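See structure below.
Every number for a ligand or one of its atoms is a count from 1 in the order of the listing. The structure displayed is predicted, hence computed values, not measured ones.
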Amino acid sequence: MKLIIAIINKDDSHEVQTALTQEGYSVTKLATQGGFLMAGNITFIIGTEDDKVEKALEIMKENSKKRKEQIPASATFGGMGLASAQTIEVIVGGATVFVLDVEQFEKF
Ligand code: 2BA
């Protein structure tokens, strides 16, 4: 069994959640915040069988597209040493995913 921890952009999280649930995955959703943009994102915790990991990754990939956004430097942690009026280009969206081995799984 594996534990998938997936950090997803807030704007994509509804589609990801719907698609995962429709495919029968059990999903726990946490409201989280990125350390750099300090914007809300969503972290999904998904416990699943080894042979279902690839399909879950596929669903996340299909439903969370990367895109470029211009962000005011002042909106980033520390402001990157730039004047607050300056903007920087940041890639947002997509998914950051960790897949871990589960040593033991119990439901009481
Ligand atoms: P944030 O830390 O808010 O980062 C949002 C996006 O800003 C990142 O997208 C990246 O494109 C950019 N970025 C982050 N740190 C940067 C820096 N020091 N300089 C310039 N640009 C920077 P992603 O890499 O797709 O990450 C999206 C979110 O996933 C992150 O939000 C963070 O919450 C999480 N994340 C990413 N990598 C992680 C990791 N190795 N461990 C834990 N969480 C991670």
Checklist line | Asp51 with Lys2: basic N within carboxylate O range, under 4.0 Å | finding: no
List ligand 1 atoms under 4.0 Å from [X], heavy atoms only on the residue side.
{"X": "Lys66", "value": "25 (O)"}
{"X": "Phe36", "value": "1 (P), 2 (O), 3 (O), 4 (O), 7 (O), 12 (C), 13 (N), 14 (C), 15 (N), 16 (C), 17 (C), 18 (N), 19 (N), 20 (C), 21 (N), 22 (C)"}
{"X": "Asn41", "value": "28 (C), 31 (O), 33 (O)"}

Check: Does the side chain of Glu15 come under 3.5 Å of the side chain of Gln17 through a donor N or O and an acceptor N or O?
Finding: no
Nearest non-hydrogen protein atom, [atom]:
{"atom": "atom 10 (C) of ligand 1", "value": "Ile91 O, 4.0 Å"}
{"atom": "atom 41 (N) of ligand 1", "value": "Phe98 CZ, 3.5 Å"}
{"atom": "atom 31 (O) of ligand 1", "value": "Gly34 CA, 3.4 Å"}
{"atom": "atom 23 (P) of ligand 1", "value": "Thr96 OG1, 4.2 Å"}

Do the side chains of [X] and [Y] join up, straight or via other hydrophobic residues, at under 4.5 Å, putting them in one cluster?
{"X": "Val97", "Y": "Leu20", "value": "yes"}
{"X": "Ile7", "Y": "Ile4", "value": "no"}
{"X": "Val92", "Y": "Phe77", "value": "no"}

Next item on the list: Answer with yes or no whether Phe77 contacts ligand 1, where contact means a heavy atom under 4.0 Å from a ligand atom.
Entry: no
Notebook entry, point to check: Quick one: does Gly94 get a heavy atom under 4.0 Å from ligand 1?
Noted result: no
Next item on the list: Quick one: closest heavy-atom pair of Gly34 and Asn41, and the distance?
Entry: N-ND2, 3.4 Å
Next item on the list: Over all heavy atoms of both residues, which pair between Lys68 and Glu89 is shortest? Give the atoms and the distance, please.
Entry: CD-OE1, 3.3 Å
Note to self: On a heavy-atom basis, I'd like to know which of Ile7, Leu37, Val92 is closest to atom 3 (O) of ligand 1.
What the structure shows: Leu37
Note to self: Just to be sure I'm reading this right: ignoring hydrogens, which of Val97, Ile8, Val90, Thr32 gets closest to atom 12 (C) of ligand 1? Compare them by their nearest heavy atoms.
What the structure shows: Val90
Notebook entry, point to check: Got Phe44 and Thr28 here, is their nearest side-chain heavy-atom distance under 4.5 Å?
Noted result: no
